[in-house]
Student: 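Below are the structure tokens for one structure; questions will follow.
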Amino acid sequence: MQTPQQKYNPKEVEERIQKFWVDHAIFKKSIEQRKGNKPFIFLEGPPTANGLPHPGHVLTRVMKDLILRYQTMNGHYILRKAGWDTHGLPVEIEVEKKLGLADKQAIEKYGVAKFNEECKKSVFRYEHAWVEMTQRIAFWLDMDTPYITLKNEYIESVWWSLQQAWKKKLLYRGHKVVPYCPRCGTALSTHEISQGYKVVEDPSIFVKFKIKNEEGYFLAWTTTPWTLISNVALAVHPTEPYIKIRSNGEILILSEQRAAVLLKGQEYEILDRFTGKELEHTEYEPLFTYASPEKKAWFVVLADFVTMEDGTGIVHIAPAFGEDDYTVGRAYDLPVVQLVKLDGTFPEEVTLWRGQFVKDADPNIIQYLEERGLLSGIKKHSHEYPFCWRCDSPLLYYAMESWFIAMSKVQESLVKNNNQIAWYPPHLQQGRFGDFIRDVKDWALSRDRYWGTPLPIWTCSNKKCNHAICIGSVQELRELSTDFPEKYDLHKPFVDELIIHCPKCNQQMIREKEVIDCWYDSGSAFFAQWHYPFENTDLFKENYPIDFISEALDQTRGWFYSLLAISTFLFDKNPYKTVLTLGLVLDKDNQKMSKSKKNYVDPTIILDHEGADALRWYLISANAPWMSTRFYEEAVKDTLGKFLLTYWNSYNFFTTYAILDSFDATQKIIPLSKRGLLDQWIMSRFHHLLMTVQDHMKTFETHKAARAVENFVIDDFSNWYLRRSRKRLWVEEMTPDKLSGYHTMYEIFIGLSQLIAPFIPFITEEMYQNLKTPGMPESIHLCDYPAFEKNAVNEELEKGMDQIRALVESGRALRSKINIKGRHPLPAVTVICSKEIEKSTKPLVDLIKEELNVKTVTFAQDSSRFMIKTVKPKYSHLGPKYKEKAKHITHALETQDLHQLYEQLQTKKEVVLVVNDEQIHLTSDDFDVVEHEKEQYAKASIQDITLFLDTTITPELEAEGLARELIRRIQSMRKEASLAVEDRIVTEIGLEPSTQKAMEKWKEHIKEETRSKSVLFVQTPSGMLQKKWMIDDLSVEIGIQK
RNA sequence: GGGCCCGUAGCUUAGAUCGGUUGGAGCAACCGGCUGAUAACCGGUAGGUCGAGAGUUCAAAUCUCUCCGGGCCCA
């Protein structure tokens, strides 16, 4: 055992411990030593190393590590394979920026092979920062053999799963309406469009649609005239009222509510009135006949999304150009008329405006409608409209061809499997996630991009054959291709360049050009990390389903969903048993952190200043894991000061004295039952703590576990146990009590460090390394979790101590109240309590003596000398019994003398009140008895115990008080002279003769307490340090000499 | 626009499942004490329209509804 540093230096300690772990391969050993034990299966949600880690990532990694270390110490075998998510649009965008490529055409021109090569490099651009962060916060993760979604093996597994979907007829080609940039020729993801919204002023027009075979028009409203060319239906709200009116000689149908707004101040005659439902299937004449759809079109449909906020309550429907439109279109089996080319211009068949960019054609279309008398009004309308963040072109909503996985077909299985999962917090299961699952939409799988897992679908180029296949392995692909090389990379463009022959007609096949959604990649991790089913089938089977995953709340519909979706259609099984959803990390003001807002806190700064343990402890203890947590340095600093330093200083205190006394933890171990009550008490508290922590960890209430530990360390251990143990450690010789204290402290430090090693792995390791004895595991992280022992718990002792502490507390408050300082000894306290309580507290009365600085403590049962009894009405009783009268009864009782009521209840057994001329009979059941002290006594009381202080100060006690004053001042001088605890001094004290006489008796005591070789009373004290002091009215000069 | 979560003292929070006497703690503040016990300790003081409003009830931080604010997800 060595004396630790006085000041805790987190950075120094953590770097040293880190090195120790690496040098001794502790992480590896922690896994291997559990081999053969019951596994705890974990799956790492792969981050993308394409950006720097964020405080939110720190939280997820800390929480994962906490749970995994906890489960490891509880004996489980845990593989901790790291993973990297490597595909996707963000990577492409980074590379586009770097290479200065403006759009997809530029990428094609640059060369897909070279482009993807750059993507591959870019993916690990910040890997170093991730690895460093992961190590610094001590997230033990096997980063040497991670799964990586860009690897051929991983892609092959993903292909296999897609082939399963294909075989189950779940893969199909359909349409998806997406925001599309006609200039860049690309669809934009939602996060891309969210940065490009602008408020613009567009023409909004009121268009008349002639009702078929009937006089009159439907009046519809639109801000995108160019979509009218592709109109196929009009939508009304099913339950809102609509009216047919005559206005300016025209017959129009529109929403009643909107008519009131739009035609305000105008005269119109109401001809008829109906609900939207009644209009369903009414046909109208198309505005344009450029399209001749195969399916039935141009009639009224019903849709809930029709709003009464603006427009006419009648919405024109063009399924190719709006998501809502598309959905309604599917419901009514409407044709998808798409009279806009991919470059944003009208095609040949739109003869009037062919070649014009659709937005530019708006004025021409408006003019044309006006000329035909189909326009009833034009207004300017300002609204938010998305623009391309890259080129600033207005985006068009556009129905793009896309491949889908028919999740709607397995909806019931999804719900069933979701119900097997233990969600933390539970509300997500049926709430956000459950709602999503119940209303599941087909998964739009394909992306018309470059850097991703290629869609393994090939279609025969022979239009007559049109045979399509889904490849499920490299082997299959090799067999079908004529030119399959030795070395290959399954990305684009390799797969597109392979020459594949149709198994049916032997013509060449062409791959569908898209790549897949990268959420599918990460959602495949549970099997693809093992390259299942091509290898490791047993590893896969052993590790599925997964016991535990944990990510932040934003993954609910991301990774948590994609895992469940894939696992459901592949195996019809829930992929994970437990999911811990973490809250988001916000800034000091509860705002989302972002670099642009400049409220971003760099975790490395905190790691440098306060250290990983403080950071971890803060994140774990601040809040329930699923609640959002504010993150700022000051908060971590508080944690460091409040908890970690208290813990460290307690350790420092213990080791300092233990070394001084050459304490040997392996020698003369005293059984717990033979130790002092204080020792037995702290052990009992500690074992209670073990139980509490384990209970909270089971439900992931890590903040409650951490707070229980804090309370134990700060309150029970440091502020009470160690403080109360100080005296016995100061004794020179090794008394049994002192030895018993050392053993107890030692055991607590070892046990406590083990208990919180999963929370704060560095500082606990530091202590463990210093305290461990031969034969103990090499690292604290190779230890078993401390086990709760029922024998160690002594409920009665704990209760007694609670009472003692409460007594001491109120005794001190009492002293403060009656203004008699703690250093003045008082002659006596009397403790009034039952025999039973006396039995449990009597062994601990010395604590009262010392803490309250009194000479004697006596027990008595009768408090009547000191006490006065009163009653307090039981409102919980009176309320139900007297209902509305209770208020008046309460009121009446307020004016009564409560002591007299008590007396009355004792003698007459009832109290009669007159309330509103009615007699109310109350019995002792309606009251609680409350005790108060008589004011003339200095009294403190807790529950069943009362304590009375005798406040007489005798001359002897006065002298003793002075002795304490002197000791305190000599001690502070020792400190000032920077003397070591064990240094001996010569003390000279200059006092007035009369005081000096009174002090003679205390000379020995002063000598002992101040580690003085001798204490002399002299006229003028000398020494290396001399000081004049005022003690109340008394002037004293003291000199000390080493 | 829809769904979900959250809102208690300057800050961090307990209490909400199951309504019941005066809503507990810690940090910070202030006053006092103590100190070979540390960024410590002890006593006290002040600080709360429990986000707002309404409802149910003898009784609401707690149950219900509406609204406000913050956040997330989806449009």
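Note that this is a predicted model, so its numbers are computed, not measured. Atoms considered below: every heavy atom in the structure, side chains included; atoms not considered: hydrogens, waters and symmetry mates. Proteins come first, then strands; the chains are lettered A, B, ... in the order of their sequence lines, and each starts at number 1.
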Student: How close or far is atom C1' of B:A75 from atom OH of A:Tyr397, stated in whole angstroms?
Tutor: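 So the two atoms are 9 Å apart, to the nearest Å.
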Student: With a 4.0 Å cutoff (strictly under), does any side-chain N or O of A:Asn623 reach OP1 or OP2 of B:U13?
Tutor: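 Looking at the OP1 and OP2 atoms of B:U13, one of them is under 4.0 Å from a side-chain N or O of A:Asn623.
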Student: Could you work out the separation of B:A39 and B:G26 based on their C1' atoms and round it to a whole Å?
Tutor: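 That atom pair is separated by 16 Å.
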Student: Taking only the C1' atom of each, what is the distance from B:U57 to B:C4 in whole angstrom?
Tutor: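 So the two C1' atoms sit 30 Å from each other.
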Student: Which stems does RNA chain B form, counting runs of 3 or more consecutive Watson-Crick or G-U wobble pairs with both distances under 3.5 Å?
Tutor: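 When the pairs of RNA chain B are grouped into runs of at least three, the stems are B:1-7 with B:68-74, B:10-13 with B:24-27, B:29-33 with B:41-45, B:51-55 with B:63-67.
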Student: Please state whether the base of B:U38 and the side chain of A:Ser718 form at least one donor-acceptor pair under 3.5 Å?
Tutor: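 Flag set: donor-acceptor pair detected.
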Student: Just N and O in the side chain of A:Arg432: are any of them under 4.0 Å from OP1 or OP2 of B:C74?
Tutor: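 So the side chain of A:Arg432 is outside the cut-off, no N or O lying under 4.0 Å from OP1 or OP2 of B:C74.
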Student: How would you label the contact of A:Leu553 with the nucleic acid (heavy atoms, under 4.0 Å): base, sugar-phosphate, or nothing?
Tutor: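 Here A:Leu553 touches the backbone only, sparing every base.
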Student: For the P atoms, the ones on B:C65 and on B:G71, what distance do you get once it is rounded to whole angstrom?
Tutor: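 So the two P atoms sit 24 Å from each other.
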Student: For B:U13 versus B:G55, give the span between their P atoms, rounded off to a whole number of Å.
Tutor: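 Rounded to whole Å, the distance is 33 Å.
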Student: Say you pick atom C1' in B:G24 and the same atom in B:A40; how far apart are they, in whole Å?
Tutor: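 Roughly 25 Å separates the two C1' atoms.
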Student: For B:A60 and B:G20, measure between their C1' atoms and round to the nearest Å.
Tutor: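 Pairwise C1' distance, B:A60 against B:G20, rounds to 10 Å.
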Student: Report the residues that fulfil side chain to side chain contact (heavy atoms under 4.5 Å, CB included) with A:Ala658, sequence neighbours left out, ordered by chain and then residue number.
Tutor: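 Expected list: A:Met1, A:Phe654, A:Phe663, A:Tyr742.
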Student: Distance between the C1' atoms of B:A9 and B:A25, in whole angstroms?
Tutor: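 Going atom to atom, C1' in each nucleotide, I get 12 Å.
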Student: When rounded to the nearest Å, what value does the distance between P atoms of B:C63 and B:G15 take?
Tutor: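 It comes out at 13 Å once rounded to the nearest Å.
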Student: NA contact type, A:Arg707, heavy-atom cut-off 4.0 Å: base, sugar-phosphate, or nothing?
Tutor: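 It contacts sugar-phosphate atoms only.
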